[in-house]
Amino acid sequence: MARRSPGWSRARRTTVAALAGLTLLGGVAHAAPSPAAAPAPAAQPEIGQPALDKNGCARIEQNLPTLSDWPKVDSQIAKNPKDEQRIAQIVAGMTLEEKVGQMTQPEISAITPDEVKQYAIGSVLNGGGSWPGGNKHATQQDWLNLADAYWTASKSTRTRIPVIWGIDAVHGNNNVYGATVFPQNIALGAAHDSCLVRDVENATARQIRATGQDWAFAPTLAVVQDDRWGRTYEGFSEDPRITRAYGYEAINGLQDGATKRIGYNGVIATAKHFIGDGGTTNGQDQGVNASSEADMINIHGQGYYGALAAGSQTVMASFNSWTNPDLGINEGKIHGSDKALNQILKGKIGFDGLVVSDWNGIGQVTGCTNASCPRAINAGIDLVMVPNDWKAFITNTVAQVRDGEIAQSRIDDAVTRILRVKLRAGILDEQKPSDRSYANSDEALKDNWLARDAVRESQTLLKNNNNVLPLKPKSKVLVVGKSADSISNQTGGWTLSWQGTGNTNADFPNATSILGGLRQDLGTANVTYDPTGTVDPKGYDAVIAVIGETPYAEGVGDLQRKTLEAAKLYPEDLATLDKVSGKGTPVVTVYVSGRPLYVNKELNRSDAFVEAWLPGTEGGGVADMLVKGKDGTGFQAKLSYSWPKSACQTPLNPWSPNYDPLFPLGYGLKTGQHATVGQLDETEGPVTCGSTGGGGTATEDLPIFDRTAVAPYQAFIGSAENWGGTLIGPNGTASHSAINVVPADVNVQADGLKTTWTGTGAGQVYLQNPSGTNDLRGYLNADSALEFDVIVNSPPVNRTVVSMHCVYPCFSEVKATKLFTDLPAGQKATVKIPLSCFANGLDFQNVNTPFLVYTDGAFSASFANVRWSPGGAKDPDAKACSDLT
Ligand code: BGC
Ligand code: BGC
């Protein structure tokens, strides 16, 4: 049962932290209120190596000292003068073009090995769901062949600097067919075991070496405050104390505890996403973090103090903004923030590795495009993730250095940092990827027993009335529920594909479903599988219902205004439970999810309730915990996220006002513990959290379409063939005779509906609440505008309208032919139409369709981020109604 524990040797230095102005709230460090008298200027806090726990890994501290300023972090990988000399020599011999090439990171589907050579490229990446040759089933050998080809190309440049390949190995080497996939970070957080994280990440490093990459875009160190965020499961915890200790050991695992050179077990790691990704308003992906600087330091910064002390060689900039005008904070997108990157990360904290930008992240900085962003480079981005537009990026950047927009010294610093990382990774002197340790090792790629152990350690027992669990060996069970035999549901996002969707069990040759695990543990004859719930539970020792969330990644998983109510998000699960509960046979629910949800109804219909998180490919670990004799020391895990007791209870953290969770942070039953969870309140939540207007004055945006339709709205197209409309499904595709839609990039990957009117008749694209109308008067009262981002691909040839419906034929419309014709084709624009332009005809108390575009000739445009925005009508760039008649 013991995990492989490499012999970690590490200097033990104690944490030195300035304790100025510290208060503790509920045992968690929290920023002190401003003292009345100005204190004497404190010395900058310093952070070194952490204290260790009884297993020899970073201890999860009870109390983290509140820091009064950004600390200086002392990395266990120290600067070495000899290395610095060697790097300076290489940099001195490079041309400007070679330097900019070194700073450029294209995507593997957009660059050939020959081009790596031609442009002296420094790094490549594969995005989530991108594989060699575009083949999901690419073999280990295919991955290695491509890695070798890029490497060989880079070694035949004038400078002979090897290229490095970065990959999103965020829960194991999860893009690779056949690889063992570990539990997502939220599950590891529940284990409260920093050695477990170290071991999982060390195994992940070997998996990466097995397929020839050099660099993991992991770990995510988000300290997640609002669980509506679609990346909640990528964070270890809402509690910075856990993230700090885990950050340290995750880096030790990936970089193999390196103090000088990353060894033959390790790869380069990435602390991401700096900074504040877990603290955006409403949990919106890539949104605005409005934290005070004290909270940035003491909450969102903590994971970095651990990771950088362990020597993380790279940091990825975050997509979010850092803005709060009331506090005088106006950094905007972190990618363009000199303060965040240069002054804080590289200055105060003292990070000497490289800062990589996120996927087209530079294009989101004001004044920039995906192919040009002097501001981001000047702010401190060293290596630029520019998946597709890399050629133009190189041309533009070289020109910007020549004309002085970017200083030569900034380029030299960026290249110095990149080479420093390559040198410390041992890559400057390495042989080709297929000749390195673990290359092509099937054993390294498959670490099922470690994964199974990680799963067991992370299973969190929330309810166990009458000690239903563990089941007796050889119990006869009836297994129901959509996730019992779904590797895709149990692995979640970032698994083979970006979203984790589109995979079947056949795509996971090296995996065990939870059902498979139960068959192993109880004997196949004792397990009846009944996915649809038609079998009478009478006569079985227990029903095991495996239900929960379905896969998502990044913003696609944002709940936005939707509530946390599982019964609304996944009604099929409640239906399953209703069929089996109350029949006299105990019901054990295994909940497979990437975040806590409001599950009171589901809990009431279960005698025992296990939160399984997203366990990965080893469903056997889930099964083990349910069966006596297989469950080791029994349930030990504790929530690293608070659990809500009502539908809109988010953000919900120990430092939230009136903290009143159903299960607090740190809750988790142990096997055999006597505890009863009584009947819970089943009050249904509203359709959406937050105000939808009503008769007052709206203050927050009404999101209508944000990468996907936002509840209660759904996206449709209609044409003369079917005005009733065809639902545009989650894949963003639909078509009719005169109109079709496919996904397109407007602001971010696949966030838009590319709508094409073919010219053969009338058609419309629209967002509608299919189950009724909403009172949205508050938006009109708030001087709101209908706002959307759009790229016109080809302008309309006939009359085009934007309209809103209060159940057709109740509607109002404005003429928009000229509006769309005037927009520069092929470029993104934001359109703002005052709601008052629709006031004549639209009944704002009964709106069912808040957005509709209609035309009867050819037209093509990609629409994204459709919303009603309070105050938008007063923006200087809002349209005048008189322009739209
Ligand atoms: C994500 C990063 C990821 C990158 C490369 C981005 O969309 O935010 O976490 O590393 O893509 O795939
Ligand atoms: C109607 C059309 C109308 C269009 C534009 C549709 O729902 O059926 O006749 O022209 O909306 O508002």
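Hydrogens, waters and symmetry mates are skipped; everything else that's a heavy atom, side chains included, is used.
- Ring centers of Tyr304 and Phe274: under 6.0 Å apart, within the cut-off.
- Scanning all heavy atoms of the two residues, the minimum distance from Ile418 to Leu383 falls at CD1-CD1, 3.5 Å.
- Taking the six-membered ring wherever Trp is involved, the centroid distance between the rings of Tyr641 and Tyr233 does not fall below 6.0 Å.
- In this pair, Trp868 and Tyr779 present their aromatic rings perpendicular. The plane angle is above 60°, beyond the 30 to 60° band.
- The salt bridge (Lys or Arg N to Asp or Glu O under 4.0 Å) search around Arg375 returns none, not counting sequence neighbours.
- Put simply, the side chain of Asp389 never gets that close to the backbone of Ala371: no donor and acceptor are under 3.5 Å apart.
- In this structure, Pro654 and Glu238 approach most closely via the heavy-atom pair CD-OE2, 3.3 Å.
- One finds no salt bridge joining Arg231 and Asp277 here, because no Lys/Arg side-chain nitrogen approaches an Asp/Glu carboxylate oxygen to under 4.0 Å.
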N/O donor-acceptor pairs under 3.5 Å from side chains in residues 706-713, not counting sequence neighbours:
from, atom 1, to, atom 2, distance (Å)
Asp706, OD2, Gln560, NE2, 3.2
Arg707, NH2, Asp285, OD2, 3.3

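- Residues passing the side-chain hydrogen bond (donor to acceptor under 3.5 Å, both in side chains) test with Glu331 are Ser337, sequence neighbours excluded.
- A distance-only check finds no donor-acceptor pair linking the side chain of Arg228 to the backbone of Leu564 [under 3.5 Å].
- For the residue pair Phe788 and Arg867, the shortest heavy atom distance occurs at CA-NH1, 3.9 Å.
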